[in-house]
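Written out below as structure tokens is the structure these notes cover.
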Amino acid sequence: MQKILAVVLCVIISGIIPYMSTASANSNKEKVDLSNLSVNGANGNYLVKGMISGSEDDVYYTVEDGHNELIAKKKVPLTNHKFMLEIHLNKKDLPTNGTVILYFSEEGKEPYPVVLETFS
């Protein structure tokens with residue numbers, strides 16, 4: 001039950017976070033077009049699956065906790081617009097009170113944040 005609740009909260013939060021920021025110079029840009037997104041895992045080990053549509057450019061991802069970059073920019077491996085990322089973080093790098101966020105980015109588009117896990 002806790003895993004289901006965590007996944008539901010992640011989906012809700014990842015949909016709200018983009019609208020919580022103040023206006024920026026990039027606020028009129030579109031986001032990376034993700035669909036069928038699923039996030040599973042905990043304690044630094046995550047499996048993220050989904051589809052990226054309408055992109056002719058390379059799509060990249062980074063992972064951070066809001067203060068530290070935990071995984072530097074890497075290219076998303078795509079097969080027929082589908083991807084599967086296995087993300088492994090050292091337990092010592094996880095925040096004791098914070099959120100681990102995966103950002104998808106593409107040239108000229110706003111990053112798309114996905115909450116992997118919230119620690120408190």
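Since we're looking at a predicted model, the values are computed, not measured.
Heavy atoms from other residues, nucleotides or ligands lying under 6.0 Å from NE2 of H88 number more than 12. Around the CE atom of M51, the shell of radius 6.0 Å holds more than 12 heavy atoms that belong to other residues, nucleotides or ligands.
Of the possible donor and acceptor atoms, none in the side chain of E107 sits under 3.5 Å from a partner among the backbone N and O of D58. Within the 3.5 Å criterion, the main-chain N or O of L70 finds no donor-acceptor partner in the side chain of N68. A side-chain donor-acceptor contact under 3.5 Å links Y46 to the backbone of G44. In this structure, N90 contributes its side chain and D93 its backbone to no donor-acceptor pair below 3.5 Å.
One distance of note links CG of D33 with NZ of K109; it measures 6.5 Å at 0.5 Å rounding. To the nearest 0.5 Å, atoms OH (Y60) and CD (E106) are separated by 10.0 Å. The distance from the NE2 atom of H81 to the CD1 atom of I52 is 10.0 Å, given to the nearest 0.5 Å. In this structure, CG in N43 is found 7.0 Å from CG in L94, a value given to the nearest 0.5 Å. Between the CG atom in L37 and the CZ atom in F83 there is a gap of 5.5 Å [rounded to 0.5 Å]. L85 CG to F104 CZ: the interatomic distance, rounded to the nearest 0.5 Å, is 5.0 Å.
Each of N45, N40, V48 was compared with L116 under the side-chain contact (heavy atoms from CB on, under 4.5 Å) criterion, and only V48 meets it.
Shown here for N97 and S120, the closest heavy-atom pair between the two residues is OD1-CA, 3.7 Å. For the pair E69 and E64, the tightest heavy-atom approach, listed with the atom from each and the gap, is CA-CB, 4.0 Å.
Cluster membership for L102 and F119, using ILVMFWY side-chain heavy atoms within less than 4.5 angstrom, is shared. Following chains of ILVMFWY side-chain contacts shorter than 4.5 Å, one can reach I87 starting from L34, so the two form part of one hydrophobic cluster. Residues L78 and V114 are members of one and the same hydrophobic cluster, defined by side-chain heavy-atom contacts under 4.5 angstrom among Ile, Leu, Val, Met, Phe, Trp and Tyr.
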L47 vs M84, side chain to side chain contact (heavy atoms under 4.5 Å, CB included): CA-CA, chis, key distance, verdict: CA-CA 7 Å; L47 180 63; M84 181 176 75; 3.4 Å; yes
